[in-house]
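To start, the structure under review is shown below, and the notes come after it.
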Amino acid sequence: MDNKRVKVRFAPSPTGWLHIGGARTALFNWLFAKANGGEFILRIEDTDRERSKKEFEEGILSGLKWLGLEWDELIRQSERREVYKEYLEQLIASKAAYYCFCTKEELEGAREGMVVSGLPPKYSGRCRALTDAEIEGKKRAGAKNVIRFKMPEKKVIFKDTIRGTVTFDAALFGDQVIAKSLIEPLYNFANVVDDSEMQITHVIRGEEHLANTPRQILIAEALGLASPSFAHIPLILNPDRSKMSKRFADVALKDYISGGYLPDAMFNFLAFLGWHPREDKDIMSRNELVKEFELERVQKAGAVFNIEKLNWLNSHYINRLSSEEFTELAQKYLPDDWKFTNTMAESVRSRVKNLGEVKDLASFYFNLPNYDKAILLWKKMPPAAAEANLSNIAKILEGIDNLSFTKENLEKILIEKTKDLPKGEVFWPLRVALSGAEKSPTPFEIMEALGKIESLDRIMRAINKLRE
RNA sequence: GGUCUCAUCGUCUAACGGCUAGGACAGCGCCCUUUCACGGCGCAAAUAGGGGUUCGAUUCCCCUUGGGACUACCA
């Protein structure tokens, strides 16, 4: 190969939210650029005026930033119409492209005819034969037209870094529309012009673009331009192995951001979807990933999106955060008037898979649920015993000063002073009295977080409940 | 339908043509334990099928089967 500096691009179209698959494509590009000391370009492919929305572009940019994929340069195709126009004129002048005046209805009819007779549907090339005079005449009459690329009838062979040698027969393609007009280029054309002008060395994109590659190579040839090298990465799949869609899971990165996943976890997860390091490990930092990423080790087959693994990784990264970081992050997923403390946070940390789950698990700290008194009882213990145990504990707690109200202390003291009683009959009622829930953190953790006054208050309320 | 493409545990994957086919997630069991989690230990689980090539195929070749992508005046 050549020793040009590596330059890659991520080229999303702002016609929807950044998709998990798109995020991974961006990530692989970024990783490859960093691993090879190259540049990572972000190119917004907004040639489709109708469907492109500023909102989506902003979503893509913020999503990439969230993942930590900073770009070296940002380009919008909508700002480059003049450039495409020149190339389009060149193609028309060299007769490699021509104006087509066929109407959509005509095309539709021809297509159906071909499909019915079992032929691959492709454009007949009818307008190829138009003379300059005829074209002028039609234009003057105001006939709508598009620009078609005269597809050479030849075999296209190219090497894909991931898939090896791939061959297509362009004779089956038909003449493609490459622009709606001189200032309205279409994807396959604008893409070729930009990859060349920006001197992109490696095109790393989703497998759905594999079939576009020969067309793009042919357009580049007609323009006298060199093509970059290609690498088509496998698709991310639904559990039924079809292309990942919202039928089975959230597909937009933003849903995972708002769901409380950490960027590091998502980064790690996405990197391992279709790629694997030489050494067998599953937790890797960004730096390690950059150091070890190789395009050659990307899988050929598609990978099913496995939320369980993401959850596991996310838990791992959540548990690696400092106590302060975790508390601060979790606070963002809580109502403003819930003042989340470090001790509260620590009590729920190992019990959540994402920050979005904190709210449910920690709500009892802020609103003691109006629970049924029956759940205060451990197995078949009599209510009187629960009441007695709680009163006993309240008495013990009275004697402990505020400063000693730590989970370690409380655990030590309470276990010692109730050692003659069945543990379940002491601590289950206590825990439920404090949390109002059948599942919760330990009573010691809760009491430390709540403090002496509130803890005693909740215990008294439980006792009253039992007396009702 | 046509073109292209893919194929190791349920899932993500490892294995210069040479080991009881390894790891992780999920599952199950045990331990820890007042609950739920965390954690520790363990169990179960795969080379799609058929032909070659070879002393030897997960690995190389062919066929079958199955899956997927693409087939726009979207990208």
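Residue numbering restarts at 1 for every chain, and letters A, B, ... go by the order of the sequence lines.
Using a 4.0 Å heavy-atom distance criterion, A:Ser435 is classed as making no nucleic acid contact. Contact annotation for A:Ser242: backbone-only contact, meaning every heavy-atom pair under 4.0 Å involves sugar-phosphate atoms and none involves a base. Residue contacts for A:Gln299: at a heavy-atom cut-off of 4.0 Å it reaches the sugar-phosphate backbone alone, with no base atom in range.
Comparing B:rC70, B:rC73, B:rA14 by their closest approach to the side chain of A:Glu208 singles out B:rC70. Considering only side-chain atoms of A:Arg351, the nucleotide from B:rA37, B:rU34, B:rC74 that sits closest is B:rA37. Here the side chain of A:Trp378 is nearest to one of B:rU34, B:rA37, B:rC6, namely B:rU34.
For B:rU34, one of the phosphate oxygens OP1 or OP2 lies less than 4.0 angstrom from a side-chain nitrogen or oxygen of A:Lys423. Using a 4.0 Å cut-off, some side-chain N or O of A:Arg241 falls inside it from OP1 or OP2 of B:rC12. Taking 4.0 angstrom as the limit, A:Ser181 places none of its side-chain polar atoms (N or O) nearer than this to OP1 or OP2 of B:rC73. A sub-4.0 Å separation between OP1 or OP2 of B:rC74 and a side-chain N or O of A:Lys180 is present. A sub-4.0 Å separation between OP1 or OP2 of B:rG2 and a side-chain N or O of A:Arg111 is absent. When the side-chain nitrogen and oxygen atoms of A:Trp312 are compared with OP1 and OP2 of B:rC25, one or more of them lie within a distance under 4.0 Å. Between B:rU13 and A:Lys281, no contact under 4.0 Å exists linking OP1 or OP2 to a side-chain N or O.
Residue A:Ser13 places no side-chain atom within donor-acceptor reach of the base of B:rA75, judged by atom type and a 3.5 Å distance cut-off alone. No hydrogens or angles were tested; on distance alone, a donor-acceptor pair under 3.5 Å links the side chain of A:Asn212 to the base of B:rA75. Side-chain to base pairing of A:Arg163 with B:rU5: no donor and acceptor N or O lie closer than 3.5 Å to each other. For A:Lys309 and B:rA24, a side-chain-to-base donor-acceptor distance below 3.5 Å is present, hydrogens and geometry of angles not being considered.
A cation-pi arrangement is absent between A:Lys154 and A:Phe168 under the rule of less than 6.0 angstrom and at most 45 degrees off the ring axis. Within the cation-pi definition used here (under 6.0 Å to the ring centroid, within 45° of the axis), A:Arg215 qualifies as a partner of A:Phe173.
B:rU11: Watson-Crick or G-U partner is B:rA24, with both key distances under 3.5 Å. A 3.5 Å limit on both hydrogen-bonding distances identifies B:rC55 as the Watson-Crick or G-U partner of B:rG18.
For the pair A:Ala211 and A:Pro443, both in contact range of RNA chain B, the more 5′-proximal nearest nucleotide belongs to A:Pro443. The residue among A:Pro121 and A:His276 whose nearest nucleotide of RNA chain B lies closer to the 5′ end is A:Pro121.
Checked for salt-bridge contact, A:Glu438 and A:Arg431 miss the test: no charged N lies under 4.0 Å from a carboxylate O.
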(request) Step by step, work out the salt bridge (charged side-chain N to carboxylate O under 4.0 Å, His left out) result for A:Glu294 and A:Arg278. (result) CA-CA 9 Å; A:Glu294 293 169 82; A:Arg278 288 176 186 275; 2.8 Å; yes
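For A:Ile415 and B:rU33, the CD1 to P distance is 10 Å, given to the nearest whole Å. Rounded to whole angstrom, the span from the NZ atom of A:Lys407 across to the C1' atom of B:rU34 amounts to 17 Å.
B:rC38 takes the syn form, because its glycosidic angle lies no more than 90° either side of 0.
Around the CG atom of A:Asp240, the shell of radius 6.0 Å holds more than 12 heavy atoms that belong to other residues, nucleotides or ligands.
Taking the six-membered ring for Trp, A:Tyr261 and A:Tyr317 have ring centres at least 6.0 Å apart.
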